[in-house]
*Asks:* 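Structure incoming, see below.
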Amino acid sequence: MTERATCVLAPNPSPMTLDGTNTWILAEPGATTAVVVDPGPEHEEHLRRVIDAVERSGRRVALTLLTHGHPDHADGAARFAELTRSPVRALDPRLRLGDEGLAAGDVITTGGLDVRVVPTPGHTSDSLSFQVVADAAVLTGDTVLGRGTTMVAHPDGRLGDYLDSLRRLRSLTVDDGVHTVLPGHGPVLRDAQSALDFYLVHRASRLAQIETALENGYRTPAEIVAHVYADVDRAVWPAAELSVRAQLDYVQERGLM
């Protein structure tokens, strides 16, 4: 996908996970070690396919990173750590296997590869993105998807945080020249700035639709989803309701209605 990033797709497709979870293998050219981001679900065949891909490149897994703790990204981490004898680093202490966690501004250096930790809460409170400096790329987990848009997982996820995170990622496209998004689901996005502009416009549009729905007498999250998301697959309505709840909190907190 880039000079330093390879994707192994997990076999867990659904309306929420799109084609499945993207497990990312990161390695500097010529290095003997690799970093794996989001091993995915606890699916033995998938985990072993990831290990095989690393070993075929002449490397071993030195470290596992998690973008956040949702099961489709993190449930396989403990088993993967057992298979590879490598630590797991995450923002949430409950997901870590080893002594070190992750914090904003950390730079992880493994086998000559530099990965910067970018805090991107909003989808969940523990969401992180990882900037691969040399590839001008950023791994976004569920904060930015390769197709469609993501949910704000209320009550843990908060819309204000999410909007700040989108702006933070967009600033990377200006300040650091990031041009590629390596998402947790869906295809690679080669125009990061346009993708983030779309996400920001989309969120503003949804917020305006919800404010209009409230003005027109829709009150419950379920009523608002049925009205605002009428053109969206009903299979994703439960997730849409979480986003609506997050947006209602945002409206209330800021006295917008």
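Just so you know, residue 1 is the first one in the sequence shown, and it goes up from there.
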*Asks:* What are the two closest heavy atoms between Leu26 and Ala5, and how far apart are they?
*Replies:*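 Scanning both residues, the minimum pair turns out to be CD2-CB, 3.7 Å.
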*Asks:* Can you find a heavy atom in the side chain of Leu139 that is under 4.5 Å from one in the side chain of Asn22?
*Replies:* no
*Asks:* Please check if Leu189 and Tyr199 belong to a single hydrophobic cluster, counting links between Ile, Leu, Val, Met, Phe, Trp and Tyr side chain heavy atoms closer than 4.5 Å.
*Replies:*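 Yes: a chain of side-chain contacts under 4.5 Å links Leu189 to Tyr199.
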*Asks:* Under 3.5 Å, is there a donor-acceptor pair linking the side chains of Thr23 and Asp38?
*Replies:* no
*Asks:* Do the charged groups of Asp197 and Arg170 touch, with an N to O distance under 4.0 Å?
*Replies:*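 Between Arg170 and Asp197 there is a salt bridge, with a charged N closer than 4.0 Å to a carboxylate O.
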*Asks:* Please check: side-chain N/O of Asp135 versus main-chain N/O of Arg4, any donor-acceptor pairing under 3.5 Å?
*Replies:*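 Yes: the side chain of Asp135 pairs with the backbone of Arg4.
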*Asks:* Between Arg206 and Tyr229, is NZ or CZ placed under 6.0 angstrom from the six-membered ring centre and within 45° of the ring axis?
*Replies:* yes
*Asks:* Leu66, Leu97: one ILVMFWY side-chain cluster at the under-4.5 Å cut-off?
*Replies:* yes
*Asks:* Nearest 0.5 Å please: distance from the CG atom of Leu63 over to the CD atom of Glu100.
*Replies:*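 These two atoms lie 8.5 Å from each other.
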*Asks:* Say whether Val118 and Val115 are linked into one hydrophobic cluster, either directly or through other cluster members, by side-chain heavy-atom distances under 4.5 angstrom.
*Replies:* no
*Asks:* If you round to the nearest 0.5 Å, how far is CG of Leu128 from CG of Leu91?
*Replies:*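 Leu91 CG to Leu128 CG: 5.0 Å, rounded to 0.5 Å.
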*Asks:* Only one of Thr120, Leu182, Val144 clears side chain to side chain contact (heavy atoms under 4.5 Å, CB included) with Ser129; which?
*Replies:*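 Among Thr120, Leu182, Val144, the one that satisfies the side chain to side chain contact (heavy atoms under 4.5 Å, CB included) with Ser129 is Thr120.
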*Asks:* Mind checking the CG-CE spacing from Leu145 to Met16? Nearest 0.5 Å is all I need.
*Replies:* 8.5 Å
*Asks:* Between Asp142 and Thr150, does the side-chain hydrogen bond (donor to acceptor under 3.5 Å, both in side chains) criterion hold? Intermediate values first, please.
*Replies:* CA-CA 7 Å; Asp142 282 356; Thr150 196; 5.2 Å; no
*Asks:* Any side-chain to backbone donor/acceptor pair from Asp92 onto Arg94? Under 3.5 Å, distance only.
*Replies:*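 Yes.
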*Asks:* Is any side-chain heavy atom of Trp24 closer than 4.5 Å to a side-chain heavy atom of Val36?
*Replies:*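 Side-chain contact under 4.5 Å: no.
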*Asks:* Can a donor-acceptor pair be found, under 3.5 Å and without considering hydrogens, that links the side chain of Thr21 to the backbone of Asp72?
*Replies:* yes
*Asks:* Go through the steps to decide whether Arg48 and Glu44 satisfy the test salt bridge (charged side-chain N to carboxylate O under 4.0 Å, His left out), and finish with yes or no.
*Replies:* CA-CA 6 Å; Arg48 291 187 181 276; Glu44 189 77 8; 2.9 Å; yes
*Asks:* Looking at side-chain heavy atoms only, is the closest gap between Val35 and Thr64 below 4.5 Å?
*Replies:*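 Heavy-atom side-chain distance check fails, nothing below 4.5 Å.
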*Asks:* Considering only heavy atoms from C-beta outward, does the side chain of Thr67 approach that of Val37 to under 4.5 Å?
*Replies:*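 Sidechains of Val37 and Thr67: in contact.
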*Asks:* A side-chain contact here means heavy atoms from C-beta on lying under 4.5 Å apart; do Arg116 and Val138 qualify?
*Replies:* no
*Asks:* For the side chain of Asp156 and the backbone of Ser125, is there at least one donor-acceptor N/O pair under 3.5 Å apart?
*Replies:*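 Judged by distance alone, yes, a pair lies under 3.5 Å.
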*Asks:* With rounding to the nearest 0.5 Å, note down the distance linking CD in Glu3 to CD in Glu28.
*Replies:*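 Rounded to the nearest 0.5 Å, the CD-CD separation comes out at 7.5 Å.
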*Asks:* State, yes or no, whether a side-chain contact exists between Leu18 and Pro13 at a heavy-atom distance under 4.5 Å.
*Replies:*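 Counting from C-beta outward, Leu18 and Pro13 never come under 4.5 Å.
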*Asks:* Once the angle between the rings of His73 and His68 is folded into 0 to 90°, is it parallel (under 30°), tilted (30 to 60°) or perpendicular (over 60°)?
*Replies:*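 His73 vs His68 ring planes: tilted.
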*Asks:* Yes or no on side-chain contact (heavy atoms from CB on, under 4.5 Å) for Thr173 and His179, after CA distance, side-chain angles and deciding distance?
*Replies:* CA-CA 6 Å; Thr173 71; His179 53 67; over 6 Å; no
*Asks:* Would you find a donor on one side and an acceptor on the other, under 3.5 Å apart, between the side chain of His227 and the backbone of Gln209?
*Replies:* no
*Asks:* Donor-acceptor pair, Asp191 side chain versus Ser194 backbone, under 3.5 Å?
*Replies:*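 It does hold such a pair.
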*Asks:* List the atom pairs, with distances to 0.1 Å, where a side-chain N or O of residues 157-166 and a protein N or O form a donor-acceptor pair under 3.5 Å, not counting sequence neighbours.
*Replies:*
from	atom 1	to	atom 2	distance (Å)
Arg158	NH2	Glu253	OE1	3.2
Arg158	NH2	Glu253	OE2	2.8
Tyr162	OH	Thr143	O	2.7
Asp164	OD1	Arg167	NH1	3.1
Ser165	OG	Pro121	O	2.6
Ser165	OG	Asp161	O	3.1

*Asks:* Could you please spell out the steps behind the side-chain contact (heavy atoms from CB on, under 4.5 Å) verdict for Leu47 and Leu83?
*Replies:* CA-CA 9 Å; Leu47 299 178; Leu83 291 170; 4.2 Å; yes
*Asks:* For the residue pair Asn216 and Tyr218, establish whether any side-chain heavy-atom pair is separated by less than 4.5 Å.
*Replies:*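 Contact flag for Asn216/Tyr218 side chains = yes.
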*Asks:* Mark yes or no for whether Asp75, through its side chain, and Glu42, through its backbone, hold a donor-acceptor pair below 3.5 Å.
*Replies:*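 Here the side-chain-to-backbone pair does not exist.
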*Asks:* Is there a donor-acceptor contact under 3.5 Å from the side chain of Ser127 to the main chain of His123?
*Replies:*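 Not confirmed, Ser127 side chain does not pair with His123 backbone.
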*Asks:* Taking all atoms of both residues into account, what is the closest heavy-atom pair of Arg147 and Pro187, and its distance?
*Replies:*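 Between these two residues, the closest heavy atoms are NH1-CD, 3.7 Å.
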*Asks:* Could you tell me whether Glu82 and Arg79 make a salt bridge, using a distance below 4.0 angstrom between a side-chain N and a carboxylate O?
*Replies:* yes
*Asks:* Between Thr110 and Leu113, is there a donor-acceptor pair closer than 3.5 Å when you use the side chain of the first and the backbone of the second?
*Replies:* no
*Asks:* CZ/Arg190 to OG1/Thr180 distance, rounded to the nearest 0.5 angstrom?
*Replies:*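 With rounding to 0.5 Å, CZ (Arg190) is 5.5 Å from OG1 (Thr180).
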*Asks:* Taking a hydrophobic cluster as the set of Ile, Leu, Val, Met, Phe, Trp and Tyr residues connected by side-chain heavy atoms closer than 4.5 Å, whether directly or through intermediates, do Val178 and Leu196 fall within one such cluster?
*Replies:*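 Yes, Val178 connects to Leu196 through the hydrophobic network.
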*Asks:* Determine, for Glu223 against Arg219, whether the closest basic-nitrogen to carboxylate-oxygen distance falls under 4.0 angstrom.
*Replies:*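 No.
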*Asks:* Carefully, step by step, assess Leu169 and Leu172 under the rule side-chain contact (heavy atoms from CB on, under 4.5 Å).
*Replies:* CA-CA 5 Å; Leu169 289 171; Leu172 296 181; 4.1 Å; yes
*Asks:* How close do Ala153 and His70 get, heavy atom to heavy atom, and via which atoms?
*Replies:*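 Nearest pair, atom of Ala153 first, then His70: CB-CE1, 4.2 Å.
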*Asks:* Would you say Val88 and Leu95 make side-chain contact, with heavy atoms under 4.5 Å?
*Replies:*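 SC-SC contact between Val88 and Leu95 ruled out.
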*Asks:* Minimum heavy-atom separation for Leu9 to Asp19, with atom names?
*Replies:* CD2-O, 3.7 Å
*Asks:* Output yes when a side-chain donor or acceptor of Ser243 lies under 3.5 Å from a complementary backbone atom of Val152, and no otherwise.
*Replies:*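 Judged by distance alone, yes, a pair lies under 3.5 Å.
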*Asks:* Where is the tightest heavy-atom contact between Ala230 and Trp237, given as atom of each residue plus distance?
*Replies:*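 Result for this residue pair: CA-CZ2, 4.2 Å.
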*Asks:* Is Arg60 paired with Glu55 through a side-chain N to carboxylate O contact shorter than 4.0 Å?
*Replies:* no
*Asks:* About how many Å separate CZ of Phe198 and CD of Gln193, when rounded to the nearest 0.5 Å?
*Replies:*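 If we round to the nearest 0.5 Å, Gln193:CD and Phe198:CZ are 15.5 Å apart.
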*Asks:* According to a hydrophobic-cluster definition based on side-chain heavy atoms being under 4.5 Å apart (Ile, Leu, Val, Met, Phe, Trp, Tyr only), do Val61 and Leu65 belong together?
*Replies:*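 Val61 and Leu65: separate clusters.
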*Asks:* Which heavy atom of Gly111 sits nearest a heavy atom of Ala31, and at what distance?
*Replies:* O-CB, 3.4 Å
